[in-house]
Amino acid sequence: MIELVWLIPIFPLIGFLINGLLGRRFSEKTIGWIGAGAVGASFVVAVSIFFELLKLAPGSRSVQKIMYSWIWSGDLNVPIGFLVDPLSVIMIMVVSGVGCIIHIYSIGYMHGEIGFRRYFSYLNLFVFNMLILVSANNFLLMFVGWEGVGLCSYLLIGYYYEKKSASDAGKKAFVVNRIGDFGFLLGMFLIFTVFGTFSYVDVFSVAPEKLTQGGVLVTLITLLLFVGATGKSAQIPLYTWLPDAMEGPTPVSALIHAATMVTAGVYMVARCSVLFAMAPTSMTVVAVIGGATALFAATIGMTQFDIKRVLAYSTISQLGYMFMACGVGAFASGIFHLMTHAFFKALLFMAAGSVMHAMSGELDMRKMGDLRKKLPYTHWTYLFGTLAIAGIFPFAGFFSKDEILFYSLQKHLGFWILGAVAAIMTSFYMFRSVFMTFYGKSRVEHDVAHHLHESPPLMTVPLMILAFLSLVGGLVGIPIIQGGHVFGDFIGPVFAPAKAIIDHGAHHAEHPSVAVEVILMAISVGIAIFGLLVARFMYITSPESPDRVIERMPGLHKLVYNKYWIDELYDLLFVNSIVEFSRLLWKKFDETVIDGAVNGVATVVQAFGSVLRLLQTGFVKDYALSILVGAIVVISYLVLR
């Protein structure tokens, strides 16, 4: 089956072409199941390849499948090729598996939409590009998928293009990502300059020989690559596009946040673990940016009332955890959290979509409350997702987040503090969303209350599947049981070269005992429970508490509620200045110089033509006079010569 890896991205591409070109002839149901079936077929092939990979020895689980030479010019030879190893297979299964569930959910959620065919075409194209990104065996082909998901995010975020806020959000996502992609391109060009190839295997195998440990060159390459990751995975300072991406349909948010675009940066850093391991400065930058983003986004999430924006800032925060894990050298833990996050974040967004479906599109949690009675399936599945993201044992998020906190503490106490405080905030704002939405007194408007109903099975069954995965998904990574960390044992060989570089010459501290690990796990659970209890007190036991807190700290609340005015600051420093400079170029250079030159040439030609026009009047008497005058001039010349 490994030989058929090329089928994995091909199936969604076929779905895109069928629905895009022929979808006008099909019913909604047919279009939806073509889209979902295409991604489902990719998942089936991916699972088959996964089991075939398991049969190989751990050291042999890296196979390349070269299809043909794509670009061949001089020394540059870039193939269309795929790399099958534990990292790529895990990413492929996450993208196609979660993506298929989201496609099925979309059939019910998008029912009746005018652009139903367009939506599923874009969704299939999105998955196709993400699968290219995670399965490519070279940087250039990965960049094709990298740019492809950027394009599809623009199309899907701006899906309701007649709505100005949606079209603006799509443009914002596209522009901000182009800034990050510029850094990624420079890093990629620098890699080719140094290694003469874009192949992962060729670059990573000779990197220790061609680059100096901690040298300027490897530091520059990795920092440039990380600039691309901050844009794609919404980290400080290029995170501002992701909260606005909520303008797209809710299943799009689930796909972007859980299985596709925002995980691309984490995957790229993990894939380049050898290069980052050789650049300690870059590793520190990655860890600091990741930890700071985790805490920063969590503070904003505590004050938002739009349920989708709360989830958006939680995504930014959780991505920060993943980068912090990579920055402290725990690449496998970062990918582990990426996988578990895909389960519970897709679940949370889709459950939020189910709430919107029942509430006629309402997003403000202040207009909800006591919905658990009307939406029992949505309530329980959203609660499962919240328990997972908060890190409550034995849900999936507990294992992956606890592992990141464990390795962060081993690296530096400061990273652990960042992660722990962000974890408290995460538990608080997520249970805050649970209590405001599903518990307490109903604040639903009278007209909406009459129409409250649970979503159809096409939406609730996918929620149940993801709720189950959010419960058991972390059991593949039990740290304290010998051989219990199945996930780590499987993916470990991919990061073994990076680990060897990091460990080389470093002081090897004694591995903590089981007792210490259990204590740290208990602290992690205690952190999550503390956030839960604070949220319960403020929004159930004493509902007036939030107002009292705001009255005591109005300035701080206003600062955080307005998201630190970062968007306004960016508008002031960059957007407005660029707009004004563009206006200057338009008025002074374009209209004055460019238009002036073109109009000047036209004026000269017009004047010259006006003179020549006198020679072509169309009157015989004028031509006779011209002949007479000409004859007199010629005769006079001959006589007087």
Side-chain angles (χ1 to χ4, degrees), residues 90 93-94 97-98 101 258 311 314 317-318 321-322 325 330 332-348 350-351 377-409 416 419-420 422-431 433-435 438 462-492 512-536:
I90 287 170
M93 288 195 296
V94 168
V98 176
I101 294 172
L311 297 178
S314 80
S317 182
Q318 296 305 305
Y321 273 103
M322 299 174 206
S333 301
I335 297 299
F336 185 28
H337 194 54
L338 184 155
M339 182 188 75
T340 60
H341 177 264
F343 300 151
F344 56 71
K345 186 49 63 69
L347 169 61
L348 288 166
M350 289 159 62
Y377 296 118
T378 301
H379 159 245
W380 282 108
T381 53
Y382 190 92
L383 181 60
F384 268 47
T386 300
L387 290 166
I389 194 174
I392 301 293
F393 179 85
F395 289 83
F398 163 76
F399 294 98
S400 55
K401 187 180 291 186
D402 173 72
E403 195 171 300
I404 293 174
L405 291 175
F406 173 77
Y407 285 112
S408 299
L409 180 61
W416 184 87
I424 294 173
M425 293 180 176
T426 300
S427 179
F428 170 79
Y429 67 67
M430 286 307 305
F431 281 105
S433 71
V434 170
F435 296 137
F438 297 102
L463 292 180
M464 295 175 192
I465 295 172
L466 288 171
F468 176 75
L469 291 173
S470 297
L471 173 61
V472 305
L475 298 179
V476 296
I478 302 175
I480 60 176
I481 299 176
Q482 186 68 29
H485 206 311
V486 178
F487 184 92
D489 294 339
F490 177 67
I491 202 173
S513 65
V514 173
V516 172
E517 290 194 45
V518 171
I519 290 172
L520 290 174
M521 291 168 68
I523 292 174
S524 295
V525 174
I527 285 171
I529 293 176
F530 177 74
L532 184 161
L533 294 176
V534 173
R536 186 179 186 281

Enquirer: Does Leu532 offer a backbone N or O that forms a donor-acceptor pair with the side chain of Ser427 under 3.5 Å?
Expert: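 Flag set: sc Ser427 to bb Leu532 pair under 3.5 Å.
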Enquirer: For residues 469-479, tabulate all N or O donor-acceptor pairs below 3.5 Å that involve a side-chain atom, not counting sequence neighbours.
Expert:
unit_1	atom_1	unit_2	atom_2	d
Ser470	OG	Leu466	O	2.8

Enquirer: How long is the straight-line distance from OH of Tyr382 back to CG of Leu311, given to the nearest 0.5 Å?
Expert: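 Nearest 0.5 Å value for the CG-OH distance: 4.5 Å.
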Enquirer: Taking the ring of His341 and the ring of Tyr321, is the distance between their centroids below 6.0 Å?
Expert: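 No, the ring centres sit 6.0 Å or more apart.
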Enquirer: Would you say that Phe431 contacts Arg536 through its side chain, given a criterion of any heavy-atom pair below 4.5 Å between the two side chains?
Expert: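 Heavy-atom side-chain distance check fails, nothing below 4.5 Å.
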Enquirer: Identify the heavy atoms of Phe395 and Ala388 that sit nearest to each other, and give their distance.
Expert: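 For Phe395 and Ala388, the tightest heavy-atom pair comes out as CB-CA, 3.6 Å.
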Enquirer: State whether the side chain of Thr340 and the backbone N or O of His337 hold a donor-acceptor pair below 3.5 Å, judged by distance alone.
Expert: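 Such a contact is found between Thr340 side chain and His337 backbone.
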Enquirer: If you apply the rule side chain to side chain contact (heavy atoms under 4.5 Å, CB included), what do you find for Phe393 with Phe399, and how did you get there?
Expert: CA-CA 8 Å; Phe393 179 85; Phe399 294 98; 3.9 Å; yes
Enquirer: If you take all heavy atoms of Gly488 and His485, which pair is closest and at what distance?
Expert: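 Minimum heavy-atom separation between Gly488 and His485: N-ND1, 2.8 Å.
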Enquirer: About how many Å separate CG of Leu409 and CD1 of Ile404, when rounded to the nearest 0.5 Å?
Expert: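 Result: 14.0 Å between the selected atoms.
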Enquirer: Just checking, is any N or O donor in the side chain of Ser314 or Lys345 under 3.5 Å from an acceptor N or O on the other one?
Expert: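 Yes - a donor-acceptor pair under 3.5 Å links their side chains.
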Enquirer: Mind listing the side-chain donor-acceptor pairs of residues 519-526 below 3.5 Å, one per line with the distance, residues two or more places apart or on another chain?
Expert:
unit_1	atom_1	unit_2	atom_2	d
Ser524	OG	Asp402	OD1	2.8
Ser524	OG	Leu520	O	3.1

Enquirer: In Å and rounded to the nearest 0.5 Å, what is the CZ to CG distance from Phe438 to Leu383?
Expert: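 One gets 9.0 Å once the value is rounded to the nearest 0.5 Å.
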Enquirer: Could you go through the side chain to side chain contact (heavy atoms under 4.5 Å, CB included) check for Phe398 and Ile392 one step at a time?
Expert: CA-CA 5 Å; Phe398 163 76; Ile392 301 293; over 6 Å; no
Enquirer: Restricting to non-hydrogen atoms, name the atom on Leu463 and the atom on Ala351 that form the minimum distance, rounded to 0.1 Å.
Expert: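 Taking every non-hydrogen atom into account, CD2-N, 3.5 Å.
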Enquirer: Please report the closest heavy-atom contact between Ala528 and Ala390, naming both atoms and the distance.
Expert: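 Closest pair (atom of Ala528, atom of Ala390, distance): CB-O, 3.1 Å.
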Enquirer: Whether the side chain of Thr426 engages the backbone of Ala422 through a donor-acceptor N/O pair (distance < 3.5 Å, no angle test) should be reported.
Expert: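 Between the backbone of Ala422 and the side chain of Thr426 there is a qualifying donor-acceptor contact (under 3.5 Å).
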Enquirer: How long is the straight-line distance from CZ of Phe487 back to CD of Glu403, given to the nearest 0.5 Å?
Expert: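 CZ of Phe487 is found 8.5 Å from CD of Glu403.
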Enquirer: How far does CE of Met322 sit from OG of Ser317, to the nearest 0.5 angstrom?
Expert: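 Nearest 0.5 Å value for the CE-OG distance: 10.0 Å.
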Enquirer: Do the side chains of Tyr429 and Thr386 get nearer than 4.5 Å, heavy atoms only?
Expert: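 Counting from C-beta outward, Thr386 and Tyr429 never come under 4.5 Å.
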Enquirer: Which distance, rounded to the nearest 0.5 Å, do you find between the CG of Leu347 and the CZ of Phe468?
Expert: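 Reported to 0.5 Å precision, the distance equals 13.5 Å.
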Enquirer: Where do Ala342 and Val94 come nearest, in terms of heavy atoms and distance?
Expert: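 Distance-wise, the nearest heavy atoms are CB-CG1, 3.6 Å.
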